[in-house]
Amino acid sequence: MKLLTFFLLLLLLQSCIKTEIKTVFDNKKYLLSLCDKKKVYHNERGSYAALETYKDSLKNYYVFSNEKSSYLLYKDSIEFYPDEVIGVKSSRNTKDYDNELCHFFQKLLDTLDKLHITGFSSEEGEIPLTLYMKSGLMIQYIPDMTKINRDPNLEEYRKSLKEIGDSWYYIRKSYGLRAK
């Protein structure tokens with residue numbers, strides 16, 4: 001009986017993984033645009049979440065506390081204003097500013113949830129987008145695999161990548177690069 005239960009759970013997990021991969025691949029252009037110049041991540045307990053936005057070498061950092069299934073702005077650290085990356089234009093330290101940020105963040109999280117994504121990292125470099133999935137997978141957009149292939153330190157990582165297509169790959173979280 002335990003073996004049957006284990007087998008059924010394994011089938012269910014495989015089904016979830018296939019669904020996540022297909023969902024991301026079907027929405028790849030949208031995701032590249034949605035995630036551009038941003039990073040979203042949560043603490044382990046889910047009581048806080050963060051959003052980072054980038055403009056050139058500048059970074060804005062927003063921390064939200066999870067209060068009864070909605071997120072409230074806890075603190076921010078701003079290097080550029082207004083934040084064109086997310087479209088926030090209200091004056092800082094006002095209720096409108098807080099509401100605008102919280103509305104944007106909640107809408108972003110709702111969109112990510114529909115796509116089975118728990119967080120993401122979008123950065124300059126060899127791996128411009130990493131998506132953290134509910135199943136424990138990371139799906140990565142790697143437009144130039146030759147840069148990854150040149151680095152001997154990444155050999156085990158490279159071998160763990162499984163190609164989806166069109167420069168998209170997936171990997172188990174334990175081998176990849178985690179959102180900071």
Side-chain angles (χ1 to χ4, degrees), residues 12-55 58-124 127-141 164 166-173 176-180:
L12 180 63
L13 179 62
Q14 283 301 110
S15 175
C16 290
I17 288 170
K18 287 179 183 176
T19 299
E20 287 181 349
I21 290 170
K22 182 176 178 358
T23 300
V24 167
F25 197 71
D26 290 348
N27 292 283
K28 61 188 177 205
K29 287 182 182 177
Y30 172 70
L31 284 166
L32 286 170
S33 174
L34 176 72
C35 300
D36 189 38
K37 299 178 182 153
K38 298 179 205 78
K39 182 189 287 188
V40 170
Y41 49 96
H42 305 263
N43 70 339
E44 293 291 323
R45 291 171 285 154
S47 55
Y48 288 93
L51 167 68
E52 294 178 11
T53 59
Y54 307 98
K55 179 181 176 183
L58 303 174
K59 176 173 79 172
N60 286 350
Y61 180 70
Y62 307 97
V63 177
F64 299 87
S65 61
N66 188 351
E67 305 289 333
K68 298 178 186 170
S69 300
S70 66
Y71 286 90
L72 302 174
L73 183 63
Y74 176 70
K75 69 177 181 175
D76 63 9
S77 175
I78 305 298
E79 293 182 2
F80 64 94
Y81 186 82
D83 193 333
E84 302 92 8
V85 175
I86 58 175
V88 172
K89 296 180 175 98
S90 297
S91 298
R92 284 190 68 210
N93 301 321
T94 66
K95 191 163 185 70
D96 287 343
Y97 174 79
D98 289 2
N99 289 339
E100 221 177 324
L101 277 170
C102 292
H103 177 74
F104 172 86
F105 191 65
Q106 190 63 59
K107 188 176 171 184
L108 177 62
L109 291 180
D110 290 346
T111 301
L112 295 175
D113 188 56
K114 289 176 187 168
L115 297 169
H116 312 283
I117 299 168
T118 60
F120 66 86
S121 177
S122 172
E123 300 179 32
E124 298 284 325
I127 306 172
L129 180 59
T130 299
L131 303 170
Y132 300 92
M133 309 304 294
K134 289 181 180 179
S135 69
L137 285 183
M138 288 190 324
I139 298 179
Q140 298 179 314
Y141 175 64
I164 300 169
D166 293 341
S167 301
W168 289 83
Y169 301 83
Y170 72 93
I171 190 171
R172 297 271 176 216
K173 279 186 183 177
L177 310 170
R178 294 188 58 94
K180 298 172 186 161

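Residue numbers start at 1 and run along the sequence shown.
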Nearest 0.5 Å please: distance from the [atom1] atom of [X] over to the [atom2] atom of [Y].
X: I21; Y: I164; atom1: CD1; atom2: CD1; value: 5.0 Å
X: E52; Y: S122; atom1: CD; atom2: OG; value: 11.0 Å
X: L73; Y: Y62; atom1: CG; atom2: OH; value: 9.0 Å
X: Y30; Y: L115; atom1: OH; atom2: CG; value: 7.0 Å
X: L131; Y: S121; atom1: CG; atom2: OG; value: 9.5 Å
X: H42; Y: T118; atom1: NE2; atom2: OG1; value: 6.0 Å

Are D83 and K55 close enough, and set up right, to give a salt bridge (charged side-chain N to carboxylate O under 4.0 Å, His left out), and what steps lead you there? CA-CA 9 Å; D83 193 333; K55 179 181 176 183; over 6 Å; no

Is there a side-chain contact between [X] and [Y] in this structure, where contact means two heavy atoms from C-beta onward sitting under 4.5 Å apart?
X: V63; Y: D76; result: no
X: L137; Y: I171; result: no
X: L101; Y: Y97; result: yes
X: Y169; Y: I139; result: no

For K38 and L34 the tightest heavy-atom approach is NZ-O, 2.5 Å

Can you tell me if NZ on K134 sees more than 12 non-hydrogen neighbours from other groups inside 6.0 Å? yes

Could you walk me through whether Y54 and N60 satisfy the side chain to side chain donor-acceptor pair (under 3.5 Å) test, starting with their C-alpha distance in whole Å, then the side-chain angles of each, then the deciding distance to 0.1 Å, before giving a yes or no? CA-CA 7 Å; Y54 307 98; N60 286 350; over 6 Å; no

With side-chain contact (heavy atoms from CB on, under 4.5 Å) as the criterion, how do I117 and V40 come out once you've worked through the C-alpha distance, each side chain's angles and the decisive distance to 0.1 Å? CA-CA 10 Å; I117 299 168; V40 170; over 6 Å; no

Step-by-step side chain to side chain donor-acceptor pair (under 3.5 Å) determination, N43 to S47: CA-CA 7 Å; N43 70 339; S47 55; 3.0 Å; yes

T19 and H116: CA distance, side-chain angles, deciding distance, side-chain contact (heavy atoms from CB on, under 4.5 Å) verdict: CA-CA 9 Å; T19 299; H116 312 283; 4.1 Å; yes

Aromatic ring proximity, centroids under 6.0 angstrom, F64 and F105: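 When the ring centroids of F105 and F64 are compared, they turn out to be within the sub-6.0 Å range.
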
Within the distance-only criterion (no hydrogens, no angle test), does the side chain of [X] pair as donor or acceptor with the backbone N or O of [Y] below 3.5 angstrom?
X: N66; Y: Y71; result: no
X: E100; Y: K89; result: yes
X: N27; Y: T23; result: yes

Can you say whether the rings of Y48 and Y74 are parallel (under 30°), tilted (30 to 60°) or perpendicular (over 60°)? perpendicular

Can you see whether Y141 engages D166 through a side-chain donor-acceptor pair at a distance of less than 3.5 angstrom?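 Looking only at side-chain atoms, D166 and Y141 do not form any donor-acceptor pair under 3.5 Å.
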
Can you confirm whether the side chains of D98 and T94 place a donor and an acceptor under 3.5 Å from each other?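 Not at all, the side chains of D98 and T94 share no donor-acceptor pair under 3.5 Å.
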
Is the Lys NZ or Arg CZ of K28 less than 6.0 Å from the centre of F25's six-membered ring, within 45° of the axis? yes

Only one of K18, E20, R172 clears side-chain hydrogen bond (donor to acceptor under 3.5 Å, both in side chains) with S135; which? E20

May I have the step-by-step check of side-chain contact (heavy atoms from CB on, under 4.5 Å) for I78 and R92, ending in yes or no? CA-CA 10 Å; I78 305 298; R92 284 190 68 210; 3.4 Å; yes

Worked verdict on T53 versus K37 for side-chain contact (heavy atoms from CB on, under 4.5 Å): CA-CA 6 Å; T53 59; K37 299 178 182 153; 6.0 Å; no

